[in-house]
There are 2 protein chains.
Amino acid sequence: MANGNEEVENKQIVLRDYVSGFPKETDMVPSKTTLKLKVPEGSKAVVLKNLYLSCDPYMRSRMNKSDGSSYIHSFTPGSPLVGYGVSKVVDSGHPDFKNGDYVWGMTGWEDYSLIENPDSLIKIKYTDVPLSYYTGILGMAGVTAYVGFYEICSPKKGEYVFISAASGAVGQLVGQFAKLLGCYVVGSAGSKEKVDLLKNKFGFDEAFNYKEEPDLNAALKRHVSYLYNIYFDGLKKYFPEGIDIYFENVGGKMLDAVLLNMRNHGRIAACGMISQYNLEKPEGVHNLLLVVTKRIRMQGFLVFDYYHMYPKFLEFTRQHILENKIVYVEDVAEGLESAPAALVGLFAGRNVGKQVVVVARE
Amino acid sequence: MANGNEEVENKQIVLRDYVSGFPKETDMVPSKTTLKLKVPEGSKAVVLKNLYLSCDPYMRSRMNKSDGSSYIHSFTPGSPLVGYGVSKVVDSGHPDFKNGDYVWGMTGWEDYSLIENPDSLIKIKYTDVPLSYYTGILGMAGVTAYVGFYEICSPKKGEYVFISAASGAVGQLVGQFAKLLGCYVVGSAGSKEKVDLLKNKFGFDEAFNYKEEPDLNAALKRHVSYLYNIYFDGLKKYFPEGIDIYFENVGGKMLDAVLLNMRNHGRIAACGMISQYNLEKPEGVHNLLLVVTKRIRMQGFLVFDYYHMYPKFLEFTRQHILENKIVYVEDVAEGLESAPAALVGLFAGRNVGKQVVVVARE
């Protein structure tokens, strides 16, 4: 490693320009610059060596030209993308961080990042789990699943829980939390491989490939006749009693089908709507009158409002990981140069499990 | 009045057949039968003389042929409609009710009704307000406004409140509750007369005629420039700071426009969606992603779940009526034969204030 006095080469992934519609790999371009691995004299900055980068659906909205209405700033064309990552401190002017510390938080899509204000970085306390986990299950996606399920869904033992985009970083964890509580859990995903993961690895009661269901309503809904289910098992569907809790990650047609199958007093935690992010005009949702007649509570949330719960979440989730009561699947892309394809792949559903990019392993 | 031993003529309004699309007056037909004004020996029934009948939007769903999914039973074609009303007990086999008592609750659209199970009727305790009020402000619509605002909206002093169908039975009361709490209140309605009522009678801060707003989003939203508002007062719009609370009575396009103008952590009480009740396929709502990014809580409710709060509501609201701190506007149709037109008029927005039908005054 450089000793800090000389400048080192710093590979970057730069946003070419604002994006409309589906993002393409070529919207992001590899670039090179140099960086001195030393913080400016007297500053509170840190210099990070980036190890793992997280690809998250919310990043799509940062590629839009801001109209001032978004909850989050747009990326700057010509500059590296920014996102959650796990990094090692290589120089620090901040009293909370010293050389060699591992941290997670917002960093650049580049080999090294100078973080002017590191206050929001979180120092990694436990290294008895893979460091990459702090880009997902022990980072932003994990807290999202935790607060979304326990705080927003008001779950009770025995309830019927449906999760869309269920093999993703958030969905796989929500499903496991729900199983720990004694719920019946069904997930939807977009390939046979993901469906198998949900059933065989994450312990969901059922899972289905939404691309193979021409009628999502029929897939979810109960049949009136019990015998019909027994004799025509191929037609047995997933919520014979209806859905108490829907953990919403996709929006659009799936939400419409779910509304038809919600139970009275059901809850919908609106975490994201990935099917809508790249559309010029979002799909219409037609069945909202059922929110009234079924007394449904639909509640949106953003993890940023809940980071005060991180320590409690961390103890709970790490313990379950160490005891093998919660498992985790990552889709690992090797090398910074693979990051654009990895991010674009999210929106085509190419990732199987949490999408991570390895910049360096140490 | 008959002495009970003879049969009296009983005029009725009968549902001709299940309805699809907009209901027409001719979907309901006047009819005649006879009734003995005496309860069957040994029964717990009561015989009611009906005085005032309530026309309510939810009644539309009872005109549909049931597919088993509705929260409420369909009417029976060939039988009188059923709805909330104020009645006088003319004979009773039930220990809670005696001749001459006034009650409100579910009764038939007819001169006299035999109620086999009167357990859900509520005996009217206070007659120092007009009896017709128990079809609205002191009945189902009143409790709806009370629980919808105080229980579902989590309102705070100074918040920005928007109410659609605001001059209706529920809306006019929600607006006054919000003003009592110190909120800024804007209502929408469908005529100049209703808008004037909202501003001049009910004390709303602002009101507008949605039919005269080609762009609902522009009507609601803030202008960036304050000077622009001052110099072009005709263009001044209603929520320069956005909406904290939306009391939803109409659905469809209005909901889409409201979502664009909600503030972070806003709340939507979904009470009804009258613009959608007569459509074969409900309109699509496109802006639900904002539920996530603005952390909106949208909650449906039905008053039937909250009748345990009736006594508390009644004391509160009656006191405010007696002190003239809450006012109330009824649209009174005279005679049972006017009931079909009155009910149909709800869906064209013809009523100004709460729609009541007078069957008899005593």
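In what follows, every chain begins at residue 1, and chains take the letters A, B, ... in the order their sequences are listed. Reckoned from all heavy atoms, side chains included, excluding hydrogens, waters and symmetry mates.
Proximity to chain B involves both the backbone and the side chain of A/L288, based on heavy atoms less than 4.5 angstrom apart. Interface remark: A/E283 contributes backbone atoms only to the contact with chain B (heavy atom separation under 4.5 Å). The part of B/I296 that comes within reach of chain A is its backbone (N, CA, C, O), which places non-hydrogen atoms under 4.5 angstrom from that chain. Proximity to chain B is absent for every atom of A/L279, based on heavy atoms less than 4.5 angstrom apart. Neither the backbone nor the side chain of A/Y58 comes within less than 4.5 Å of any heavy atom of chain B. For A/N264, no part lies under 4.5 angstrom from a heavy atom of chain B.
Residue B/Q299 holds its CD atom at 13.0 Å from CE of A/M298, rounded to the nearest 0.5 Å. Taken from NZ in A/K281 to CG in B/N287, the straight-line distance is 7.5 Å, to the nearest 0.5 Å.
Between chain B and the options A/V285, A/D256, A/V291, the largest number of non-hydrogen pairs under 4.5 Å is found for A/V285. Between chain A and the options B/G284, B/S61, B/A269, the largest number of non-hydrogen pairs under 4.5 Å is found for B/G284. Your options are A/R267, A/H265, A/E248, and the one with the most heavy-atom pairs under 4.5 Å with chain B is A/H265. Annotation: maximal heavy-atom pairing with chain A below 4.5 Å, among B/I152, B/I72, B/D305, occurs at B/D305.
Scanning both residues, B/V292 and A/L302, for their nearest heavy atoms gives O-CG, 3.8 Å.
Residue A/H73 places its NE2 atom among 12 or fewer non-hydrogen atoms of other residues, nucleotides or ligands, all under 6.0 Å distant.
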